[in-house]
2 protein chains.
Amino acid sequence: MGTIYDLAKKTGFSITTVSKALNNYKDVSDKTRAKILQAAAEMDYLPNAHAQSLSTKKSWAIGVMFSEANEVGMKHPFFNGIIESFRHATEEQGYDLIFASRNLRNRDMSYLEHFKHRAVDGIVVICSDRMDEQVQELMRSDIPIVVVDMDSANCSVVYSDNIEGARLAVNYLYELGHRKIAHIAGDETIDAGAARIKGYELAMQELNLPIRPGYLVNAGFFSVGEGKQAMERLLELDDQPTAVFVAGDQMAIGVIEAIHEHGLHVPNDISVIGYDDIEMIQYITPKLTTIRQDTDEIGEAAAELLLEQMTAKERLTERRIIPVRLVERASCAPVKQ
Amino acid sequence: MGTIYDLAKKTGFSITTVSKALNNYKDVSDKTRAKILQAAAEMDYLPNAHAQSLSTKKSWAIGVMFSEANEVGMKHPFFNGIIESFRHATEEQGYDLIFASRNLRNRDMSYLEHFKHRAVDGIVVICSDRMDEQVQELMRSDIPIVVVDMDSANCSVVYSDNIEGARLAVNYLYELGHRKIAHIAGDETIDAGAARIKGYELAMQELNLPIRPGYLVNAGFFSVGEGKQAMERLLELDDQPTAVFVAGDQMAIGVIEAIHEHGLHVPNDISVIGYDDIEMIQYITPKLTTIRQDTDEIGEAAAELLLEQMTAKERLTERRIIPVRLVERASCAPVKQ
DNA sequence: CAAATTACCGAAAGCGCTTTCGGGAAGAGG
DNA sequence: CCTCTTCCCGAAAGCGCTTTCGGTAATTTG
């Protein structure tokens, strides 16, 4: 591979000139530039990123932090769609992604510390838990940052229009004739959960529908199992809902499971609508009608907001809310007379 | 944050001594070490990773390359399970993962070049396409490397016991009374596809079952749609199989869809068994019986093989084959009389 | 008590690159 | 022909850290 010293020796120029030629400085003649590039190609020269970063204070790396709350990490079907799209967008600008550990030579360190150690140019955090101390610390720092799926006044954020999504869901059920509409909700400590609850309440109010006792049930953190449990609570009610709006697709899978185990049919007995539009719900029975979050667009928006800060070299606080849309499949039907 | 120069000034020692104290050299007294560590803590000192790497030639970073063949990247439900477990294992040893782009200041470069540029300590590639020129190049290099889901004599590899897996599947169907067993296969250019075909043929031979005309159908690259198409071909046969072993879960989903659309029932009319055990198949109808690949163990084994090389600082070529097991669910039934 | 260890510390070189600044040569202008 | 630009190029400092090697002071040994 070699260094610029080797290149300098080989071509007879100084390392200064070599470096300039490589970096397209204008004060080197076309002829010498050509010679140097030629020599570089011949010896497969590649600049050392660490030396460059040390000297320029720019690492061309973006640190990514996943919420580890549920220990799924990159397996999360919604988050990994976002990160994939984010990666594509930043890759085009020449950035690499680094997934940091919290372990430095067996010494524990926070994500912020690790990112500072690595001197990343920016940080993306994909996390729903606003109480996470690690995330708080990142947000307080002065490194360019964008956080996804969570709101904050102190840094750039991007998330879906959860209130509108909830409204879409409720209105859709209403138009199918449903009046007894329940909501299986995500925990209120999670922004997405709270916003969808709010949207549900708003929509119900706008439609002059009462939220009957027990119709708003907290199902925690979006897992299949929690969804199932929540639905079982609804099925115990004397006054059962005819439709349920579920705050997440994974939960909705559990919800459908519970309904089926109860001997009821989806959607003939109970309609269910989910949220997210993760891939697998196209393959369950019935195919789930849901509110689609556009992971591609979320990832791109996040990249955009972060790149903006990195080139401006200052923190900005922009909020980007991505529209959602309803995807009609087969889990909702007109209410039975 | 500050540098070791600041620390030196603050404590009155030389930067040499500061560095030694920080790195637990034994030729610095306990007293001065304590002072220096104390000062370091006070000023939130963190070593600069780039400077360290430049000086030590160790970056504590592992480059990861995903097969981009199907453009799913980190969304791939099987691969991302592996990478997640790999990450956990390497994190414990203090390594960070870097997902490289192929773009360096708008200059195209290969993954190998990029990894050299970043001076990673090792590389993990998760890829099934043995023809990928990028992967070939990585394997030819002298950087420690481990490749997952593919065989090679030139570097450390880890993959599932595909032959045994296929055999398990076929034998299981046989024990249920099936004799007309078809195989919907992955493409032979993919190691996993080829091995499962081989296992299928072997098992059929061991059981003295003929592979009837049209019973071995190539379904390409493991997608739902390709699986569906392949099954439609099987359904056109005069002599339809009573059971089909499908080389991947995603394909199996398509297979079931095709069977259902044909008015037949799984498993009463046709049994289907998949491969992988990705999460979503627990939620489809019927729940898919499958051969489970242990992504956790694969990721750990890959980490182990790579760490071994990185500490030995030389390339090794070890092959690790991870056992599989059959997970019985509801998509297979005894053959109809 | 002199000599030989041992314990502790620092000067300096080096890792590979960028960037400022100055200087010489060539060309332009009068 | 002389001065002023413009064009190219290189010396040197600096980025933050590691590591070798040598030196002094303190300690041990005989």
Side-chain angles (χ1 to χ4, degrees), chain A residues 1-37 39-40 43-61 104-105 107 113-121, chain B residues 1-37 39-40 43-61 104-105 107 113-121:
Chain A
M1 278 214 8
T3 72
I4 52 171
Y5 289 92
D6 301 321
L7 261 182
K9 194 172 303 170
K10 177 165 178 170
T11 59
F13 293 99
S14 72
I15 62 162
T16 305
T17 304
V18 170
S19 173
K20 286 179 177 171
L22 260 17
N23 290 291
N24 285 314
Y25 275 62
K26 51 266 149 270
D27 64 341
V28 26
S29 72
D30 290 344
K31 207 190 324 176
T32 79
R33 182 194 316 288
K35 273 189 205 162
I36 291 174
L37 291 184
M43 62 190 286
D44 288 324
Y45 169 80
L46 283 175
N48 178 301
H50 298 298
Q52 282 186 157
S53 300
L54 186 57
S55 166
T56 60
K57 277 142 174 8
K58 171 133 180 105
S59 64
W60 292 96
L104 179 65
R105 322 278 176 283
R107 178 195 143 200
E113 288 177 316
H114 205 123
F115 288 145
K116 282 189 168 173
H117 165 67
R118 284 275 181 197
V120 299
D121 296 331
Chain B
M1 278 213 10
T3 72
I4 52 171
Y5 289 93
D6 301 321
L7 262 182
K9 194 172 305 170
K10 178 165 177 169
T11 58
F13 293 100
S14 71
I15 62 161
T16 306
T17 303
V18 170
S19 173
K20 286 178 177 173
L22 260 18
N23 290 292
N24 284 313
Y25 275 60
K26 51 266 152 272
D27 66 340
V28 27
S29 72
D30 290 345
K31 205 188 329 174
T32 80
R33 182 194 316 286
K35 273 189 205 163
I36 292 174
L37 292 183
M43 62 191 286
D44 287 324
Y45 169 80
L46 283 175
N48 178 301
H50 298 298
Q52 283 186 155
S53 299
L54 187 56
S55 167
T56 59
K57 282 150 167 7
K58 171 132 182 106
S59 64
W60 294 96
L104 180 62
R105 322 280 174 281
R107 177 194 144 201
E113 288 177 315
H114 205 122
F115 287 145
K116 282 188 169 173
H117 166 66
R118 284 277 181 195
V120 298
D121 296 331

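Just so it is clear: chains get the letters A, B, ... in the order the sequence lines come, proteins before strands, and each one is counted from 1. Note that the structure is predicted; figures quoted are calculated from it, not measured.
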Can you name the closest pair of heavy atoms from V18(A) and I36(A) and give their distance?
CA-CD1, 3.8 Å
Taking any heavy-atom pair under 4.0 Å as a contact, classify T32(B): base, sugar-phosphate, or nothing.
sugar-phosphate
Any chance you could list the contact pattern along nucleotides 12-20 of chain D? Use B for base contacts, S for sugar-phosphate-only contacts and - for none, protein heavy atoms under 4.0 Å, 5' to 3'.
B-BBBBBBB
Compute the bend angle of the helix from dC1(C)-dG30(D) to dG30(C)-dC1(D) from the end axes (five pairs per end), rounded to 10°.
40°
W60(B) and D121(B) have their tightest heavy-atom pair at N-OD2, 2.6 Å
Pairs in or reaching into residues 25-35 of chain A: which pass side-chain hydrogen bond (donor to acceptor under 3.5 Å, both in side chains), with residues at least two apart or in two chains?
K20(A)-D27(A)
With S53(A) via side-chain contact (heavy atoms from CB on, under 4.5 Å) - residues at least two apart
S59(A), H50(B)
Quick one: side-chain hydrogen bond (donor to acceptor under 3.5 Å, both in side chains) pairs with a partner in residues 5-16 of chain B, sequence neighbours left out?
K10(B)-E42(B), S14(B)-T17(B)
Is there a side-chain contact between Y45(A) and L22(A) in this structure, where contact means two heavy atoms from C-beta onward sitting under 4.5 Å apart?
yes
Just how far, in rounded Å, is P of dA11(C) from CZ of F13(B)?
13 Å
Keeping the roles fixed (side chain from T56(A), backbone from Q52(A)), state whether a donor-acceptor pair exists under 3.5 Å.
yes
Nearest whole angstrom, please: distance from the C1' of dG10(D) to the NZ of K9(A).
17 Å
Kindly say whether M1(B) contributes a backbone atom to a donor-acceptor pair with the side chain of D44(B) at under 3.5 angstrom?
no
Would you mind reading off the distance between R33(B) atom CZ and dC8(C) atom P, rounded to a whole angstrom?
9 Å
